[in-house]
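Working notes, beginning with the structure itself.
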Amino acid sequence: MLGKLTWAAVPFDQPIPLIAAAMVGLVIFGVLVWVTVKGYLPYLWHEWITSVDHKRIGIMYTLLAMVMLLRGFSDAIMMRSQQAMAYRSEGYLPPEHYDQIFSAHGTLMIFFVAMPFVIGLMNFVVPLQLGARDVAFPTLNSVGFWLTATGALLVNISLVVGEFARTGWLPYPPLSELTYSPGVGVDYYLWSLEISGVGTLLSGVNLVTTVLKIHAPGMTYMRMPMFCWTTLAANLLIVAAFPILTATLAMLLLDRNLGFHFFTNTGGGNVMMFMNLIWAWGHPEVYILILPAFGIFSEVIATFSRKPLFGYRSMVMATMVICLLSFTVWLHHFFTMGAGADVNAIFGIASMIIAVPTGVKVFNWLFTMYGGRVVFTPPILWSIGFMVTFVIGGMTGVLLAVPPADFVLHNSLFLVAHFHNVIIGGVLFGAFAGYNYWFPKAFGFRLHEGLGKAAFWCWFIGFYLAFMPLYVVGLMGMTRRMQHYDVAAWRPWLLIAALGAAVILCGIILQIAQLTVSIRHREELRDETGDPWNGRSLEWATASPPPVFNFAVLPHIQGEDAYWDIKQRAIEQARLGDEPAYTEIEMPKNSPTGFICAFFATFMGFALIWHIWWLVAVGALGAFTTFVVFAWRDEDEYIIPADEVAKIDRANRSARREALVHLQPVQ
C-alpha cells in the first residue's frame, strides 16, 4: 500500500534533522494559525495563491528564493563549521549526513535560490519595462511558479522522510546508479528537478514570447532596456538547455528503476555521455543565472550614475554573443576525461573567448559611471561589489580554461572558490541589487538604507573571508567534499573560511532586520512618486505598486532613448495636469490551476520516489483533470470599465503629481 515507505524512513536516531524539521514545522504551523485567526486566508487565496498577475507571481518567486536561501545557507554554515572542527577528528557530522548536506546545499542554491530569484525579478519587471499589461501566458506563469515550489518542497521533505542524494549537486553515475545509491536520496533529487524543471521551461517559453511579441506601441527591439535583452538571452538558453537536463535525468531514472543502461559502462552504456549531457545543460545554466544579473547592473548603474548607459548597442551585441558562445564551452568541466589535446585546446580557447563580451560589459559599466554623478545607494554598492568580485572570479575562470592548469586544480577547493566567486559575486549580488532597486516599485516604500548598506558590507567582507582561503587550500591540494582531514597547513585557512561564513550570516540577519524595520516604518519610507530613484526605464512611469493593468493607457514610444523620453513626458503631463483618454481594459481572470496542479504534482512526485503506485495514478489523474477543466472554461478574462480605470489612475496621479512637478529631469 505504501510502497517502500516505512517508519524506518524517519531518522529518529539523528537529532540534527529532526530538530531542524521540528522548528520548520512549528514556524509553518504558527504562520497558518496566525493567518487563519486574522482572517487572511480568503485574501491570500484570491490575491496571491490563485493570482495570474505577473507582479504577484514575481514577488512569490522572490519570496521562495529568500526562504530557500535561509535553508541552503544553513547547510553552508554546517559544512564550514564541520571542516573547521574536523582536523584529525570526525567533527560533529557523520560522513553520510555531511554528504547529504553538501548535495542539498548545491541543489538548493542553484535550482531553488538563484533560479527563482532571477526568474522572479524578470517576471515582475520585464512586462513593466516593455509597457505591457502582463506576460504572454498568465496562467502558464502561475503553473510554472507552483511547479518550482513543488520541487523545493520535495527537497525539503527529504530532510524528514528518507534521505537526500549523497552524490553532490550533480548526480554523476556510477555513484548515482542503483548499485551504489540504493536508497531514495537520488530519487528525491531526480523527481524534484524533473518537476521544477518543467516549471522553469514554462517560464522560459513565457518570457521569450513576452519579450519578442508584447511591446508598447513604438517599443522596437533596439529601444528595449538592457534588462529586457538579458532576459531574452537567458530565457532563450532556458528553452534550449532545460530539455537537455530533463532528458538526461529521465535517462538516469530509467537506469535506476527499469534496468536501462544509458550510463552503465558494463551494460553497454557510456558514463561519459552523462557528463557531456549534464554539462551541455550545466554551463549554459551559469549564463542563464548571470545574464539577468548583468541586466540588473545595467539598469542600476545607469540610474545612479545619472546618465544613459554607455555603449547600449555594444551591450546588446555582447549579451547575444554570450548567449551563443555559452553552448560552446561545456567540455572544460571535464578536461581530465581524456578527450585529447585537440578537443581540450578547442574548448579551452572557446572558454577564454567568452570572457571578451563579458569584459565589454564591465568596461561599459565603468564608462557609464565615469563622468556621472554617482549616488551611493545600496543597489549601486551591490553593483560595484559585483564588478570587483566578478572580475576576480572571471580571471580564475580563464586560468581554469587552460587545460594543463585544470589538470592540477580539477576537483579541488580552488574550483569551488572560483564557482562561488562567480555565482555569489555575480548572481546573488545582482539579485540583491535588483531586490533593493525594485522593492519600492513592488510595495510603495523603500527599504531602510542604513541597514541595507550594513548588510552589503557584511556580505562583501564575509565573501572574501569565506572563499579566498579556499583558493589557497585548493592550490595546496585540498579536494572538495572532504568530511575530515589531517593536513595541519590547511586548518588556519579553513578557520578563516568558517569566520567568513559567520560574517555572511550577519549580513543575512541584517537583511532580515532591514525588511522588518522597513515594514514597521513604511509610512516614513513611503514613495508617492512611483519613481523614488529618478529612474530611466518605463516601470518608473507608473504608480508604486502598479495597478493590476500596469498602465492606464499604454505609452507610445518615440526615439532611441525611449524609456527616458517616456518618463520626461510623464513628468510634463503631471505638471500640466493633462489627462489621457481612458478605455476599458481586458485582463486575465485569476485561476487556481497552477496551485492545484502543484498540489497533485507534490503527491505524485512523493509517490514516484517511494513507489506508491496508486498515489501516482491519483496525482496524475488529478493534474490532468485540472488542465482539462481549465481548457474548457468559458470565461478566461474580465473587463475593467473605462470609468474604473480612470478612477484608479486619477488617484495614483493625484498622489504623485506634487512630487513629480518638483522632480528635475537629469540627463
Side-chain angles (χ1 to χ4, degrees), residues 118 121-122 125-132 207-208 210-212 214-236 287 290-325 354-375 379-380 383-384 386-387 390 426 430 433-434 437-438 531 533-541 555-570 665-667:
V118 297
L121 292 173
M122 290 188 290
V125 175
V126 166
L128 290 169
Q129 289 194 334
L130 293 172
L207 287 165
V208 167
T210 301
V211 175
L212 290 178
I214 304 181
H215 298 180
M219 176 69 82
T220 62
Y221 292 136
M222 294 311 293
R223 293 174 181 172
M224 294 193 306
M226 270 311 303
F227 187 62
C228 295
W229 274 107
T230 57
T231 294
L232 174 62
N235 285 280
L236 285 171
Y287 294 98
I290 199 64
L291 282 169
F294 287 168
I296 293 167
F297 296 129
S298 297
E299 303 296 328
V300 167
I301 289 171
T303 296
F304 293 108
S305 297
R306 302 297 187 229
K307 56 185 287 196
L309 182 67
F310 180 90
Y312 171 82
R313 290 174 181 263
S314 65
M315 291 287 264
V316 171
M317 287 292 294
T319 298
M320 301 316 292
V321 167
I322 291 171
C323 180
L324 290 172
L325 289 179
I354 203 169
V356 174
T358 307
V360 169
K361 286 179 170 288
V362 172
F363 280 112
N364 281 0
W365 292 321
L366 291 172
F367 289 141
T368 302
M369 295 175 69
Y370 179 75
R373 286 175 284 167
V374 180
V375 182
I380 203 163
S383 303
I384 295 170
F386 149 78
M387 281 192 281
F390 190 80
Y437 183 58
W438 283 307
D531 184 18
W533 310 121
N534 197 9
R536 306 192 66 85
S537 44
L538 194 53
E539 73 269 26
W540 304 111
H556 286 262
I557 312 301
Q558 300 170 4
E560 285 195 11
D561 203 15
Y563 39 93
W564 181 252
D565 177 60
I566 282 289
K567 196 175 63 128
Q568 301 311 305
R569 286 191 281 119
V666 180
Q667 293 297 332

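- Counting only distance, with no hydrogens or angles, the side chain of K307 and the backbone of Y370 share a donor-acceptor pair below 3.5 Å.
- One finds the OG1 atom of T319 at 3.5 Å from the CE atom of M226 (value rounded to the nearest 0.5 Å).
- Residues F310 and F363 are not in side-chain contact: their nearest non-hydrogen atoms beyond the backbone lie 4.5 Å or more apart.
- Between the CD1 atom in I214 and the CE atom in M219 there is a gap of 13.0 Å [rounded to 0.5 Å].
- By the 4.5 Å heavy-atom criterion applied to side chains, L130 and C228 are counted as neighbours.
- For the pair I557 and R223, the tightest heavy-atom approach, listed with the atom from each and the gap, is O-NH1, 3.5 Å.
- Residues T220 and H215 fail the side-chain proximity criterion, which asks for heavy atoms closer than 4.5 Å.
- Between V360 and M317 there is no side-chain heavy-atom pair separated by less than 4.5 Å.
- Nearest heavy-atom pair across E299 and S537 is OE1-OG, 3.5 Å.
- Closest approach of G426 and A293 over heavy atoms only: O-CB, 3.6 Å.
- Considering only heavy atoms from C-beta on, E539 comes within 4.5 Å of W438 through its side chain.
- Across every non-hydrogen atom of F297 and G430, the tightest pair is CZ-CA, 3.2 Å.
- Considering CZ of F304 and CE of M369, their distance stands at 11.5 Å, rounded to 0.5 Å.
- At least one side-chain heavy atom of M320 sits under 4.5 Å from a side-chain heavy atom of L236.
- For the atom pair CZ of F227 and CG of L128, the computed distance is 11.0 Å after rounding to the nearest 0.5 Å.
- Atoms OG1 and CE, on T231 and M122 in that order, are 5.5 Å from each other to the nearest 0.5 Å.
- Pairing each heavy atom of L291 with each of T230, the nearest pair is O-CB, 3.0 Å.
- Within the 4.5 Å cutoff, side-chain heavy atoms of L121 are placed close to those of I296.
- The side chain to side chain donor-acceptor pair (under 3.5 Å) test with W365 singles out one residue from S383, S298, S305, and that residue is S298.
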Working for side-chain contact (heavy atoms from CB on, under 4.5 Å), residues R306 and N534: CA-CA 8 Å; R306 302 297 187 229; N534 197 9; 4.1 Å; yes

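- Panel note: side chain Y221, backbone L212; a donor-acceptor pair is recorded below 3.5 Å.
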side-chain contact (heavy atoms from CB on, under 4.5 Å) assessment of M222 paired with R313: CA-CA 8 Å; M222 294 311 293; R313 290 174 181 263; 3.7 Å; yes

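- In this structure the side chain of T358 reaches within 4.5 angstrom of the side chain of I322, judged on heavy atoms.
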Evaluation steps, side-chain contact (heavy atoms from CB on, under 4.5 Å), between W229 and F294: CA-CA 10 Å; W229 274 107; F294 287 168; over 6 Å; no

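- Of all heavy-atom pairs spanning P308 and R536, the tightest one is CG-NH2, 3.4 Å.
- Taken from OG1 in T303 to CH2 in W540, the straight-line distance is 7.5 Å, to the nearest 0.5 Å.
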